[in-house]
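For reference, the structure is listed below as structure tokens.
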Amino acid sequence: MSTKKLSKKKQVWLILGLALLALATVYLGIAVYFSSHFFFQTTINGVDASGKSVQSVEKLITAEINQYQISIEPREGEAEQIEGMAVDLKPVFDGTLEVELRKQNQFLWPAAFFQESVIEVETMVDYDKEKLREEAKKLDLMDEAQMRKAENAMISKYSKKKGYTIIPEEEGTVVEEKKFFEVLEDSVTNLKGSMSMAEEDCYVKPEFTQDSKEIIKLAETMNKYVGAVITYDFGDQQEVLDGKAISKWVSVDEEKHKAQLSQEKIAEYVAYLADTYNTAGKSKSLKSSYGANVTVSGGDYGWKIDQEKEAEALAKNIKKGEKITKEPEYSQTANSRSGNDYGNTYVEVNLTAQHLYYYKDGNLVLETDFVSGNDSKGWSTPVGAYGLYYKQLDKTLRGEGYATPVDFWMPFNGGVGFHDANWRRDFGGNYYKRGGSHGCVNMPHSAAKTLYDNIEAGCAVLVYQLSGTESAKAKAQDAAAAVVQLIGSLGDVTLESKGAVEHARSQYNALDGTARGYVSNYGQLEAAEARIGQLEAEAAADQQAQAEAQPVIDAINQLAGQEITLGMKGTVTNIRNMYNGLSEAARGKVTNYNVLTDAEQRIAQLEEEEKANKENKEQEDKDKEGQEQEGQL
């Protein structure tokens, strides 16, 4: 039993040994085979060299080269071919295959069943590169007229739902010749049957694709901009700015591929807000304290957007993509955004009535008469809506030719403001027409103090005129002013002024007691009346003197033009006696008195002549008598 068992074991070992020997013989035999043949699954420059010797591979390559053509597949259109013969394609065997075979470890042949061996050698073929390029240039795909340029990836138009999206790039058919010839030459060198121009990147590529960081960043930035929602709060109104409007302000800098936000468009939008919601300088509607609705025009009170600052702020809001509710930047604010911008705290100044009201939170705090700017000198207080600048105690108001200290100063329009005026005894009425201020609103001291104690800077001041609201005092002063003017126009009083004086008196008498009190030159009227009486009395006396003197004048006129003789002495003497009997006033009326005195002088002269003649005659007679007596002797 033991011997049999041992013999069986030997038999088994013998069989195993023989099997291993057979396997070793086969392994070595195959190894010897692969010392001159390429492993299975071996390709050389695209030629299947599995189990083939160098000579066999060379024959295959030669046969393939003789029939070789390469198919060039464009991105668009049909594939085109170039024949190997057209470029003088031929094999070149320089021992490279033998070198590759020697690199092969023949004893590792079993591994070849499990892995491919791809061998690429550079010197398998030779051809005329110039002819290859010439053949390539003949291809339709090289026709520039048929080429289409690549389009960069770009940003879409704005969509309310999607915002901005990236539109993918479009590949073109413009050949990148350098790359194309490189790939073509490599393909021919390696005897490739075809080449895909698109896969080999033989076309000019778009500069930017949908995956480009610049494009992605650009889309993100633009979507941030249009993602902003700015809600402007204007009290009882709102203005919403969203992507729909903002998208019209967004553009792309094509050179830098960056988003641009138009400052000009932003400024235009802010200008629109200002035009729509600014109230500064716009007319105000006021339900006046007199019951009538008044339109207050002029002035600068109201809301006013600082357009430059707001445009800058808005640009920042958009660039941050903010979703906010805000008020714009204001250069000037008002009291209310609901209804009238001045709200229910304001000073109502009626220039016609020369009366003002101050309301605070809708409650009347003060009403008072005042005196405004002098109309006759062109210093009228301007109408309009203004805001109080500030308030100040103990201010000296200065201007051309004056420096006036006041206790309470409240300016609202340049140098025009409210202040006390202790130098005035009365306010209201129509003092402003001829005796008004330099433009300020003069107030009683107590009223100015009340206003000062209750008003604050920024309070609205509404200045207007309202026909029909003239005060009774003003009406009395106006009526009196007409009479004052009549009296003042009398000038130097003569009897011819009697009608004007009587008219002034009748107009004065037509005034009521209040108006008469404003006739400041009434004494001038009385003096004129007295002068008229005096002139009339003088005229009556003058007339009486003229009547008394007239007979004398007539009598003297009888002498005029006559030759005065001694025979007229009685007449002249009689006229003299008549003249001497006149009153002094009547004598003054005898304007031809010189005729009488001339006649008297002529009578006296004639008498002297007569006397002289008589004396001469007597002397002559005496001399003659003496001569006669001498002759007798």
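The figures that follow rest on heavy atoms only: side chains count, while hydrogens, waters and symmetry mates do not.
- Between F412 and F418, the ring planes lie tilted relative to each other; the angle falls in the 30° to 60° range.
- In M195, the CE atom is crowded: over 12 heavy atoms of neighbouring residues, nucleotides or ligands sit closer than 6.0 Å.
- Using a distance-only test at 3.5 Å, with no hydrogens or angles considered, a donor-acceptor pair links the side chain of D420 to the main chain of D407.
- Residues N454 and Y358 bring no donor and acceptor atom of their side chains to less than 3.5 Å of each other.
- Side chain to side chain, H355 and N350 fail the donor-acceptor criterion of an N or O pair below 3.5 Å.
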L393 vs F408, side chain to side chain contact (heavy atoms under 4.5 Å, CB included): CA-CA, chis, key distance, verdict: CA-CA 5 Å; L393 293 173; F408 308 102; 3.5 Å; yes

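- Under the 3.5 Å distance criterion, with hydrogens and angles disregarded, no donor-acceptor pair is assigned to the side chains of T231 and E239.
- For K395, there are no salt bridge (charged side-chain N to carboxylate O under 4.0 Å, His left out) partners at least two apart in sequence or on another chain.
- Between Y357 and Y290, the distance separating the two ring centers is shorter than 6.0 angstrom.
- Between the side chain of S212 and the backbone N or O of E214 there is no donor-acceptor pair closer than 3.5 Å.
- In this structure, the salt bridge (charged side-chain N to carboxylate O under 4.0 Å, His left out) partners of E310, at least two apart in sequence or on a different chain, are K326.
- A salt bridge between R337 and D233 is absent, with no side-chain N of the basic residue lying under 4.0 Å from a carboxylate O of the acidic one.
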Report the C-alpha distance between Q477 and Y431 in whole Å, list the side-chain angles of each, state the deciding distance to 0.1 Å, and finish with yes or no for side chain to side chain donor-acceptor pair (under 3.5 Å). CA-CA 8 Å; Q477 288 175 326; Y431 293 117; 3.3 Å; yes

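- Listed by first and then second residue, the salt bridge (Lys or Arg N to Asp or Glu O under 4.0 Å) pairs that reach into residues 504-523 are R505-E529, sequence neighbours excluded.
- Judged purely by atom type and a 3.5 angstrom limit, D306 uses its side chain to pair as donor or acceptor with the backbone of K309.
- In this structure, the side chain of E80 engages the main chain of D140 through a donor-acceptor pair within 3.5 Å.
- Note: L525 CG to L490 CG = 7.0 Å, rounded to the nearest 0.5 Å.
- Counting heavy atoms from C-beta outward, C202 and E176 have side chains that stay 4.5 Å or more apart.
- Across all non-hydrogen atoms, the minimal contact from Q263 to A315 is OE1-CB, 3.5 Å.
- Panel note: side chain S288, backbone A292; a donor-acceptor pair is recorded below 3.5 Å.
- At a threshold of 4.5 Å between non-hydrogen side-chain atoms, the residues I455 and L388 count as touching.
- Side chain of S497 to backbone of A500: no donor-acceptor contact under 3.5 angstrom is found.
- In terms of heavy atoms, G436 sits closest to V371 at CA-CG1, 3.9 Å.
- Residues G227 and K323 approach most closely at O-NZ, 2.8 Å, considering heavy atoms.
- Residues Y158 and Y164 bring their aromatic ring centres within 6.0 Å.
- Between L462 and V349, the closest side-chain pair of non-hydrogen atoms is not below 4.5 Å.
- The two residues Q354 and G429 come nearest to each other via the heavy atoms CG-O, 3.3 Å.
- The closest donor-acceptor contact from the side chain of K244 to the backbone of S159 lies at 3.5 Å or more, if one exists at all.
- Checking T494 against E496 by side-chain atom types alone, a donor-acceptor pair falls below 3.5 Å.
- Counting all heavy atoms, side chain and backbone alike, R424 lies closest to G435 at NH2-O, 2.9 Å.
- In this structure S471 satisfies the side chain to side chain donor-acceptor pair (under 3.5 Å) test with no other residue, sequence neighbours excluded.
- The shortest side-chain heavy-atom distance between R148 and Y203 does not fall under the 4.5 Å cut-off.
- Partners of D478 under the salt bridge (charged side-chain N to carboxylate O under 4.0 Å, His left out) rule, at least two apart in sequence or in another chain, are K433.
- Within the 4.5 Å cutoff, side-chain heavy atoms of V519 are placed close to those of L511.
- Residue E308 qualifies as open at atom CD: its count of foreign heavy atoms under 6.0 Å is 12 or below.
- Not counting sequence neighbours, the partners of D341 by the side chain to side chain donor-acceptor pair (under 3.5 Å) test are T279, K284.
- Taking 4.5 Å as the limit, some side-chain heavy atom of L397 sits within range of a side-chain heavy atom of H419.
- The environment of CG in D492 is sparse: at most 12 heavy-atom neighbours from other residues, nucleotides or ligands sit within 6.0 Å.
- No side-chain N or O of S283 forms a donor-acceptor pair with one of T295 less than 3.5 Å apart.
- Donor-acceptor pairing under 3.5 Å is lacking for the side chains of T173 and E76.
- In summary, the aromatic rings of Y277 and F234 are positioned with their centroids under 6.0 Å apart.
- By the 6.0 Å contact criterion, NZ on K304 is open, its count of non-hydrogen atoms from other residues, nucleotides or ligands being 12 or less.
- A salt bridge links K498 with E536: the distance from a Lys NZ or Arg NE/NH1/NH2 to an Asp or Glu carboxylate oxygen falls below 4.0 Å.
- Residues V296 and V383 have side chains not in contact (no heavy-atom distance under 4.5 Å, counting atoms from C-beta outward).
- Judged by distance alone, the side chains of N152 and E169 never bring a donor and an acceptor atom under 3.5 Å apart.
- Between the side chain of K217 and the backbone N or O of T221 there is no donor-acceptor pair closer than 3.5 Å.
- Taking CD1 of I155 as the reference point, atom CZ of F208 lies at 11.0 Å (rounded to 0.5 Å).
- Residues Y342 and S336 fail the side-chain proximity criterion, which asks for heavy atoms closer than 4.5 Å.
- Side-chain polar atoms of Q332 and Y301 form no donor-acceptor pair below 3.5 angstrom.
- Here the closest heavy-atom approach between residue P382 and residue V463 is recorded as O-CG1, 3.5 Å.
- Looking at S380, its side chain never comes within 3.5 Å of a backbone N or O of G373 through a donor-acceptor pair.
- Here the CG-CG distance, from L286 to N293, works out to 8.0 Å after rounding to the nearest 0.5 Å.
- Between Y452 and W409, the distance from one ring center to the other does not fall under 6.0 angstrom.
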Side chain to side chain donor-acceptor pair (under 3.5 Å) between Y359 and N344: does it pass, once the steps are laid out? CA-CA 7 Å; Y359 294 95; N344 58 5; over 6 Å; no

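- Other residues, nucleotides and ligands place no more than 12 heavy atoms under 6.0 Å from the NZ atom of K224.
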Evaluation steps, side chain to side chain donor-acceptor pair (under 3.5 Å), between T352 and Q465: CA-CA 5 Å; T352 306; Q465 295 172 335; 5.5 Å; no

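- Between the side chain of K316 and the backbone N or O of E312, no donor-acceptor pair lies under 3.5 Å.
- Note on K391 versus E456: salt bridge recorded, some NZ/NE/NH1/NH2 to OD/OE distance being below 4.0 Å.
- Inspection of the H438 and N374 side chains reveals no N or O donor paired with an N or O acceptor under 3.5 Å.
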